[in-house]
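Okay, structure first, notes after.
No experiment lies behind these values; they were computed from the predicted model shown.
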Amino acid sequence: MRKSVFERRTKETYVNIDLNLDLADQSEIFTGIGFFDHMLEAMTFRAGFTMQIQCQGDLQVDAHHTIEDVGICIGQAIKTALDDKRGITRYASCAMPMDEALVNCAIDISGRGLLVFNAEIPTEMCGTFPTEMTEEFFRALAHNAGITLHINLAYGKNAHHIIEAIFKAVGLVLGTATRLNSDVTPSTKGVL
């Protein structure tokens with residue numbers, strides 16, 4: 001099975017992640033930010049992964065360090081679990097509706113970390129989650145996982161719906177792109 005455990009400890013946060021790409025089971029996620037936990041659970045469910053996350057962050061300062069460091073750790077855990085990427089599908093895209101919102105998302109597990117993010121989120125907060133951190137989370141994840149990730153909001157008005165559509169879309173394309181479908185490395189170069 002493709003799985004990994006990743007731990008990061010700084011003066012600002014402690015994050016521990018246990019990830020299994022090949023087992024769709026109940027994930028247990030605790031970051032101290034309820035809306036963020038809900039979004040990570042939705043992403044993991046759509047990916048068909050199992051992920052345990054325990055995080056203690058300096059939430060008395062704000063949520064920035066916690067959200068960014070969880071993105072770093074998920075990215076590193078994905079990168080480790082994929083190893084040499086042999087046999088993965090590599091590419092995936094989807095259009096994800098969530099009520100009035102529609103998000104288009106595309107991924108290339110290329111070994112090159114890049115995020116393109118085009119989404120205006122109309123409010124500053126969803127619960128205790130600063131909505132501007134949506135982009136920062138996915139930038140940290142993409143860079144550390146070594147994936148190229150494009151997220152584009154086609155339209156939407158409700159911040160909760162927009163963000164949930166983004167997390168679900170990323171989960172769906174991550175699950176599809178990491179799915180095993182051969183025994184070769186999916187690159188004309190022979191390596192990723």
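- For the atom pair OG1 of Thr176 and CD1 of Ile88, the computed distance is 12.0 Å after rounding to the nearest 0.5 Å.
- Between the side chains of His64 and Glu136, no donor-acceptor pair is found at a separation under 3.5 Å.
- Under the 3.5 Å distance criterion, with hydrogens and angles disregarded, no donor-acceptor pair is assigned to the side chains of Asn16 and Gln54.
- Side-chain atoms of Ser27 come within 3.5 Å of backbone atoms of Met51 as a donor-acceptor pair (strictly under, hydrogens ignored).
- In this structure, the side chain of Glu28 does not engage the main chain of Gln52 through any donor-acceptor pair within 3.5 Å.
- Formation of a donor-acceptor pair under 3.5 Å by the Thr128 side chain with backbone atoms of Ile33 is not found in this model.
- No hydrogens or angles considered: a donor-acceptor pair under 3.5 Å links the side chains of Asn118 and Asn152.
- Heavy-atom minimum distance, Glu164 versus Met39: CA-SD, 3.5 Å.
- Considering only heavy atoms from C-beta on, Leu174 comes within 4.5 Å of Ile78 through its side chain.
- Between Arg2 and the choices Asp83, Asp22, Thr80, the side chain to side chain donor-acceptor pair (under 3.5 Å) rule is met once, by Asp22.
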Evaluation steps, side chain to side chain contact (heavy atoms under 4.5 Å, CB included), between Thr31 and Leu40: CA-CA 10 Å; Thr31 66; Leu40 291 172; 4.1 Å; yes

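- Between Phe129 and Thr134, the closest side-chain pair of non-hydrogen atoms falls below 4.5 Å.
- With sequence neighbours excluded, the residues that form a ring-ring contact (aromatic ring centres under 6.0 Å, His included) with His160 are Phe35.
- The line from CD of Glu12 to CD of Glu68 is 9.0 Å long, rounded to the nearest 0.5 Å.
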From CA spacing to verdict: side chain to side chain contact (heavy atoms under 4.5 Å, CB included), Leu114, Leu149: CA-CA 6 Å; Leu114 174 73; Leu149 181 62; over 6 Å; no

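- Counting all heavy atoms, side chain and backbone alike, Ala177 lies closest to Ala92 at N-CB, 3.9 Å.
- Within a 6.0 Å radius of NE2 in His143, no more than 12 heavy atoms belonging to other residues, nucleotides or ligands are found.
- Applying the ring-ring contact (aromatic ring centres under 6.0 Å, His included) test to Phe138 and every residue at least two apart in sequence or in another chain returns Phe167.
- One side chain, Thr148 or Ser110, offers a donor N or O that lies under 3.5 Å from an acceptor on the other.
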Chi angles and distances behind the side chain to side chain contact (heavy atoms under 4.5 Å, CB included) call for Thr50, Leu19: CA-CA 6 Å; Thr50 300; Leu19 172 69; over 6 Å; no

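- No side-chain heavy atom of Ile107 sits less than 4.5 Å from a side-chain heavy atom of Tyr91.
- Looking at heavy atoms from C-beta onward, Ile151 lies out of side-chain contact with Val116 at the 4.5 angstrom threshold.
- Under the 4.5 Å side-chain criterion, counting only non-hydrogen atoms from C-beta, Asp69 is not in contact with Cys55.
- Atoms NE2 and CE, from His65 and Met133 in turn, are 8.5 Å apart once rounded to the nearest 0.5 Å.
- In this structure, Thr66 OG1 and Asp58 CG are separated by 6.0 Å, a value rounded to the nearest 0.5 Å.
- Taking hydrophobic clusters as Ile, Leu, Val, Met, Phe, Trp and Tyr residues chained together by side-chain heavy-atom distances below 4.5 Å, Val173 does not share a cluster with Met96.
- Counting heavy atoms from C-beta outward, Met1 and Asn20 have side chains that approach closer than 4.5 Å.
- Note that the CG atom of Leu23 and the NZ atom of Lys3 stand 8.5 Å from one another [nearest 0.5 Å].
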Full working for side chain to side chain contact (heavy atoms under 4.5 Å, CB included) between Phe49 and Thr178: CA-CA 10 Å; Phe49 300 163; Thr178 58; 3.6 Å; yes

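- Val15 and Phe6 are not part of a single hydrophobic cluster, where members link through side-chain heavy atoms under 4.5 Å apart.
- Thr185 places no side-chain N or O within 3.5 Å of a backbone atom of Ser187 that could act as its donor or acceptor partner.
- Linking ILVMFWY residues whenever their side-chain heavy atoms come closer than 4.5 Å, directly or via other members, leaves Tyr14 and Leu59 in distinct clusters.
- Ala159 and Ile121 make their closest contact through CB-CG2, 3.7 Å (heavy atoms, listed as atom of the first residue, atom of the second, distance).
- Contact check for Leu82 versus Ile109: side-chain heavy atoms found under the 4.5 Å cut-off.
- For the residue pair Arg86 and Leu180, the shortest heavy atom distance occurs at O-CD2, 3.6 Å.
- The hydrophobic cluster around Leu102 extends to Tyr155, counting ILVMFWY residues whose side-chain heavy atoms fall within less than 4.5 Å of a member.
- Shortest non-hydrogen contact noted between Ile74 and Met43 is CD1-CE, 4.5 Å.
- More than 12 heavy atoms of other shown residues, nucleotides or ligands fall within 6.0 angstrom of atom CD in Glu7.
- Side-chain atoms of Ile17 and Val5, non-hydrogen and from C-beta on, never get closer than 4.5 Å to each other.
- Side chain of Ser4 to backbone of Ala77: a donor-acceptor contact under 3.5 angstrom is found.
- No more than 12 heavy atoms of other residues, nucleotides or ligands lie within 6.0 Å of CD in Gln56, so this atom counts as exposed by the packing criterion.
- Cluster annotation: Leu153 and Phe137 are assigned to the same hydrophobic cluster (Ile/Leu/Val/Met/Phe/Trp/Tyr, side-chain heavy-atom contacts under 4.5 Å, transitive).
- Arg90 and Asp108 are joined by a salt bridge, as a carboxylate oxygen and a charged side-chain nitrogen come within less than 4.0 angstrom of each other.
- Put simply, Ile72 and Phe117 are part of two different groups of oily side chains (I, L, V, M, F, W, Y) that touch within less than 4.5 Å, one to the next.
- In this structure, the side chain of Asn158 engages the main chain of His161 through a donor-acceptor pair within 3.5 Å.
- Interatomic distance, CD1 of Ile147 versus CZ of Arg112, reported as 12.5 Å (0.5 Å rounding).
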